[in-house]
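What follows is a short report on a single structure.
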Amino acid sequence: MAERLNKRQKRASYRQAQKEDGISALPRKKFYRQRAHANVFSDHNLAYPTTPDHMDWSTLFPGFVADTDPVITPPPTDSSPANAISLPLRKLTKEVEVVDIGCGFGGLLVALGPVLPDTLILGMEIRSSVAEYVQQRILALRAQNQDINLYRNIGCLRANTMKFLPNFFRKGQLTKAFICFPDPHFKHRKHKARIVSTTLNSEYAYALRPGGIVYTITDVEDLHNWMVQHLDAHPSFERVSEEEQEADPCVRIMKTETEESKKVERNKGQKFVALFRRLEDPPW
């Protein structure tokens with residue numbers, strides 16, 4: 001009689017079969033479950049580029065690789081982190097302009113892809129199993145839509161945004177940044193781990209070009225007030241009016257297409273939305 005597999009072995013067996021059999025069927029979420037909370041201050045042994053110029057996006061967006069020779073980046077210096085990326089780079093025909101910070105299971109990415117077909121959209125997720133699920137989901141969707149080239153413009157990588165956002169994006173590179181249903185970290189001593197803070201808002205301001213938008217949504221009113229307070233207080237942002245907010249098609253998608261938004265809808269909860277525009281830098 002064959003040995004009965006435990007839950008971890010079943011997950012490993014399923015994922016290996018997915019890789020060996022070719023990606024055509026959508027992955028099953030139950031084999032990629034992971035606890036909702038991750039310690040953002042821990043060393044997760046993540047790979048990240050030394051600078052944005054060292055980031056090779058070609059593996060995430062192969063449909064947008066430029067027909068040029070690879071660019072050889074300088075090797076890491078003695079002071080470079082051991083897990084920093086430094087490889088021959090294949091340039092893309094365009095840059096990533098939209099980021100979903102803490103993309104979860106990829107609902108927003110998948111919904112935005114066809115709406116913004118000419119824009120490269122990146123999901124960043126710290127949980128390894130969840131990031132792997134999104135990557136497999138994107139590959140399956142691409143395989144299912146080869147004839148119409150859908151979902152070529154979305155990608156996902158495992159990353160800790162709180163530590164390494166400037167390693168991936170140049171100043172003024174992004175036009176949109178989504179922060180959807182982030183961990184509320186209710187305890188006061190945990191507030192330092194919230195994804196919106198005075199320090200992190202400066203990093204968002206660095207990566208966003210003037211006119212770019214930070215989109216926030218949560219079902220926790222206290223967290224909503226926290227995010228509004230901290231973004232309002234930052235000199236690089238101004239809040240978008242209610243009228244402009246409701247007219248933005250990305251807001252409707254954000255409110256309806258993420259897994260968390262659907263969960264809130266099922267539980268008949270409230271959704272609190274706020275958008276903030278990146279202002280022009282003052283003249284020096």
Side-chain angles (χ1 to χ4, degrees), residues 7-8 29-30 32-46 48 99-109 122-134 156-168 177-208 213-237 239 245 251 254-276:
K7 187 179 292 186
R8 178 175 293 181
K29 194 181 295 184
K30 73 175 186 177
Y32 298 86
R33 293 286 183 189
Q34 192 169 345
R35 58 179 296 183
H37 306 285
N39 186 349
V40 294
F41 301 114
S42 291
D43 180 6
H44 292 274
N45 196 29
L46 301 170
Y48 55 89
V99 63
D100 182 9
I101 297 171
C103 67
F105 288 94
L108 183 67
L109 289 175
L122 178 71
M124 305 181 83
E125 173 59 49
I126 193 172
R127 294 169 293 171
S128 57
S129 293
V130 178
E132 183 181 353
Y133 170 85
V134 180
C156 173
L157 58 78
R158 186 182 180 219
N160 186 344
T161 309
M162 289 185 69
K163 286 186 176 183
F164 303 121
L165 187 75
N167 293 72
F168 290 95
F178 290 86
I179 302 174
C180 301
F181 300 96
D183 192 329
H185 293 290
F186 289 109
K187 295 179 181 178
H188 188 271
R189 64 184 177 84
K190 293 284 190 179
H191 285 183
K192 62 185 178 182
R194 286 181 168 177
I195 197 66
V196 169
S197 67
T198 302
T199 302
L200 290 172
N201 291 348
S202 293
E203 295 196 356
Y204 304 146
Y206 173 85
L208 281 164
I213 303 291
V214 174
Y215 295 75
T216 71
I217 184 171
T218 179
D219 59 329
V220 179
E221 188 172 11
D222 174 68
L223 178 61
H224 168 71
N225 293 335
W226 166 284
M227 293 192 290
V228 169
Q229 174 190 340
H230 282 75
L231 284 163
D232 252 339
H234 198 284
S236 294
F237 291 105
R239 190 166 182 181
Q245 175 179 300
V251 171
M254 181 175 68
K255 291 169 71 174
T256 59
E257 297 299 327
T258 70
E259 283 74 13
E260 283 296 322
S261 67
K262 293 175 182 177
K263 179 179 173 182
V264 173
E265 198 74 36
R266 289 194 301 270
N267 295 333
K268 303 189 185 307
Q270 287 183 283
K271 301 172 188 176
F272 303 96
V273 176
L275 274 58
F276 288 84

Which atoms form the tightest heavy-atom contact between [X] and [Y], and what is the distance?
X      : Y      : result
Ala205 : His234 : CB-CE1, 4.1 Å
Cys156 : Ala131 : SG-O, 4.0 Å
Glu259 : Gly106 : OE1-N, 4.1 Å
Ala159 : Met124 : CB-CE, 3.7 Å
Ile195 : Pro182 : CG2-CB, 3.6 Å
Phe272 : Asp219 : CE1-O, 3.8 Å

Are any side-chain N or O atoms of Asn267 and backbone N or O atoms of Gly269, one a donor and one an acceptor, separated by less than 3.5 Å?
no
Are the side chain of Arg158 and the backbone of Glu125 linked by a donor-acceptor contact shorter than 3.5 Å?
no
Side-chain contact test, heavy atoms from C-beta onward, threshold under 4.5 Å: evaluate it for [X] versus [Y] and give yes or no.
X      : Y      : result
Val196 : Val214 : no
Phe105 : Thr258 : no
Phe168 : Leu157 : yes
Tyr204 : Leu165 : yes
Phe237 : Leu208 : yes
Phe186 : Val220 : yes
His191 : Trp226 : yes
Leu231 : Arg239 : no

Would Met162 and Leu200 satisfy side chain to side chain contact (heavy atoms under 4.5 Å, CB included), going step by step from the backbone distance to the final call?
CA-CA 7 Å; Met162 289 185 69; Leu200 290 172; 3.8 Å; yes
Could you measure the distance from the [atom1] atom of [X] to the [atom2] atom of [Y]? Nearest 0.5 Å is fine.
X      : Y      : atom1 : atom2 : answer
Ile126 : Thr161 : CD1   : OG1   : 8.0 Å
Met227 : Asp222 : CE    : CG    : 10.0 Å
Leu46  : Asn160 : CG    : CG    : 6.5 Å
Leu223 : Ile217 : CG    : CD1   : 11.5 Å
Thr216 : Ile101 : OG1   : CD1   : 11.5 Å

Does either side chain, that of His230 or that of Ser197, offer a donor lying less than 3.5 Å from an acceptor on the other one?
no
Go through it in stages, so that I can follow the logic: the residues are Glu265 and Lys271, the test is salt bridge (Lys or Arg N to Asp or Glu O under 4.0 Å), and I'd like the CA-CA distance, side-chain angles, deciding distance and then a yes or no.
CA-CA 9 Å; Glu265 198 74 36; Lys271 301 172 188 176; 2.7 Å; yes
Whether Phe178 and Tyr215 hold their rings parallel, tilted or perpendicular, with breakpoints at 30° and 60°:
parallel
Around atom NZ of Lys262, are there more than 12 heavy atoms from other residues, nucleotides or ligands closer than 6.0 Å?
yes
